[in-house]
Each structure stands twice: as C-alpha cells, then as structure tokens.
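Positions are given from 1, in the same order as the sequence printed here. Since this is a predicted model, take the numbers as computed values, not measurements.
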Amino acid sequence: MRTAVMNAETSVRPLRSTDLERIIAIDSSHVGEPRRRFFEKRLSHASKHPDDFVHIGVVRNNSLVGFALARILRGEFGREGAVAALDAVGVEYDSQARGVGRTLMSGLAEFMRKKGVRVLQSQADWTNHSLLRFFDVTGFRLAPRLVLERSVLTPLAEPVEDE
C-alpha cells in the first residue's frame, strides 16, 4: 500500500518489522509494562496474512509517533461482511493533542475501506478515561451488545435436588 502524506513532515504508512521497538516503547508508556510477545506475534501474523490485518503508523520527522493494529474478522458470530477489531492503539505522549490520533484513525479507516471493512470495533477498560475520550472524539459509540466473561477456574455450582 502507498504512503498517504498528511503534510511535509507527517505521513501514514503500514507498520514495518523495524518499528517493533518503537511500538513497544509507546505502548509500555501507557500500559506500564512492555508487551513484547503480543506485538511480535501480531506483526508476524500480519506479515504472513496481510489480508487479515491492518497495521499502520503515523510518522513525523522520520520517527514513529503513533500506531494502530487491527485484525479483520469475517463471518464471526454469523455476521455478514468484514468487521475490524482494533487490538492496540498508541500515540507517544509528546504527540498527543496534536492531531496524531485523528490522523491515525483516518488512515486506519482508509486502509480498512480498501479491504472491504465497513465497521471498526474495540474494547476498553471503563476506567481508562483517556482512551474512552479518544474513542469518543474519533467517532466510536457504544455497541448494541454486552461483553460477558466468567472464570473457567471455578466450577459451576451443581443444582441441589430435592429427595
């Protein structure tokens, strides 16, 4: 895919394997710990199955300042059409509130449209207020479904039978 030039010093482009260390640094500054194995696996899968992923970065003055990683899901839960799941997004602190996030999401949308994706979904911890604000200003809305989870370590309670 071609690089979309935003201005003389900022561009959106697909992520490269050489971006790994910068991605980890940006992400760990937000998450608090490096998620190296996650990003190594994700970039490896994306290089082997490029039709199933959209991984882009925003580069400013030859430095990666933001990234987004999304995987494309086709037919999950009986849905028709492709949906993308945003697995990770990050913008370095010095570039926040400077349009990098909006540029990132616009670029992500452009790349996804070219792959036939019409909807982008994500999840966030409801206490991560900065991420929720970012999702709000970039057009995300609550989905009409609930995400449920339960531990599989605890056995289900057996019903008590009357004798």
Side-chain angles (χ1 to χ4, degrees), residues 12 14-15 17 19-58 64-93 95-97 100-162:
V12 175
L15 291 173
S17 60
D19 294 323
L20 178 64
E21 296 305 320
R22 188 72 181 122
I23 292 167
I24 292 169
I26 292 169
D27 181 71
S28 63
S29 72
H30 294 285
V31 176
E33 61 184 330
R35 299 189 295 168
R36 175 175 297 281
R37 187 71 183 127
F38 167 75
F39 289 109
E40 286 173 343
K41 285 173 55 178
R42 185 61 74 202
L43 291 174
S44 174
H45 288 314
S47 69
K48 293 174 187 167
H49 306 282
D51 291 341
D52 296 334
F53 296 91
V54 177
H55 290 169
I56 65 165
V58 173
L64 186 72
V65 296
F67 68 89
L69 287 74
R71 64 192 146 89
I72 299 172
L73 308 170
R74 293 178 180 87
E76 274 72 9
F77 302 106
R79 291 183 179 176
E80 295 206 17
V83 174
L86 181 62
D87 289 330
V89 61
V91 173
E92 69 175 5
Y93 279 111
S95 295
Q96 290 182 358
V100 172
R102 287 180 188 267
T103 300
L104 190 60
M105 297 309 288
S106 294
L108 187 63
E110 179 183 336
F111 278 83
M112 287 187 305
R113 279 191 299 271
K114 290 177 182 176
K115 291 188 176 201
V117 175
R118 299 179 72 179
V119 175
L120 175 62
Q121 299 175 341
S122 194
Q123 296 180 49
D125 183 327
W126 75 280
T127 62
N128 188 338
H129 303 293
S130 60
L131 181 58
L132 292 172
R133 271 192 303 279
F134 172 74
F135 282 158
D136 182 34
V137 300
T138 56
F140 282 82
R141 299 293 170 250
L142 288 175
R145 63 188 167 113
L146 296 173
V147 175
L148 305 172
E149 69 178 33
R150 79 172 290 282
S151 171
V152 296
L153 301 176
T154 306
L156 291 173
E158 293 291 327
V160 177
E161 293 183 22
D162 292 333

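Taking the side chain as every heavy atom from C-beta outward, Phe134 and Val89 approach each other to under 4.5 Å. Using a 4.5 Å heavy-atom threshold, the side chains of Asp19 and Phe67 count as separate. For the pair Val54/Val117, no side-chain contact is recorded, criterion being any heavy-atom separation below 4.5 Å from C-beta on. Residues Glu92 and Leu64 form no side-chain contact, since every pair of their non-hydrogen atoms from C-beta on lies 4.5 Å or further apart. At least one side-chain heavy atom of His30 sits less than 4.5 Å from a side-chain heavy atom of Tyr93. A heavy-atom distance below 4.5 Å is not found between the side chains of Met105 and Arg102. Between His55 and Phe39 there is no side-chain heavy-atom pair separated by less than 4.5 Å. In this structure the side chain of Leu86 reaches within 4.5 angstrom of the side chain of Leu108, judged on heavy atoms.
Between the side chain of Ser28 and the backbone N or O of Ile24, at least one donor-acceptor pair lies under 3.5 Å. For Ser29 (side chain) and Ile26 (main-chain N/O), a donor-acceptor pair under 3.5 Å exists by modelled atom type.
Nearest approach of Val12 to Gly107, heavy atoms of both residues: CG1-CA, 4.1 Å. When every heavy atom of Ala68 is checked against every heavy atom of Leu15, the shortest pair comes out as O-CD1, 4.2 Å. Here the closest non-hydrogen pair linking Ser122 and Phe135 is OG-CZ, 3.6 Å.
If you check the side chains of Thr138 and Asp136, you find no donor sitting under 3.5 Å from an acceptor.
Relative orientation of the Phe53 and His45 rings is parallel, given thresholds of 30° and 60° on the angle between their planes.
Shown here is Arg150, whose CZ atom has more than 12 heavy atoms of other residues, nucleotides or ligands within 6.0 Å. For Gln123, the CD atom is loosely surrounded, since the number of other residues' heavy atoms within 6.0 Å does not exceed 12.
For the salt bridge (charged side-chain N to carboxylate O under 4.0 Å, His left out) criterion with Asp52, the lone passing option out of Lys115, Arg74, Arg71 is Arg74.
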Exercise. Would Leu104 and Ile56 satisfy side-chain contact (heavy atoms from CB on, under 4.5 Å), going step by step from the backbone distance to the final call?
Worked result: CA-CA 8 Å; Leu104 190 60; Ile56 65 165; 4.1 Å; yes

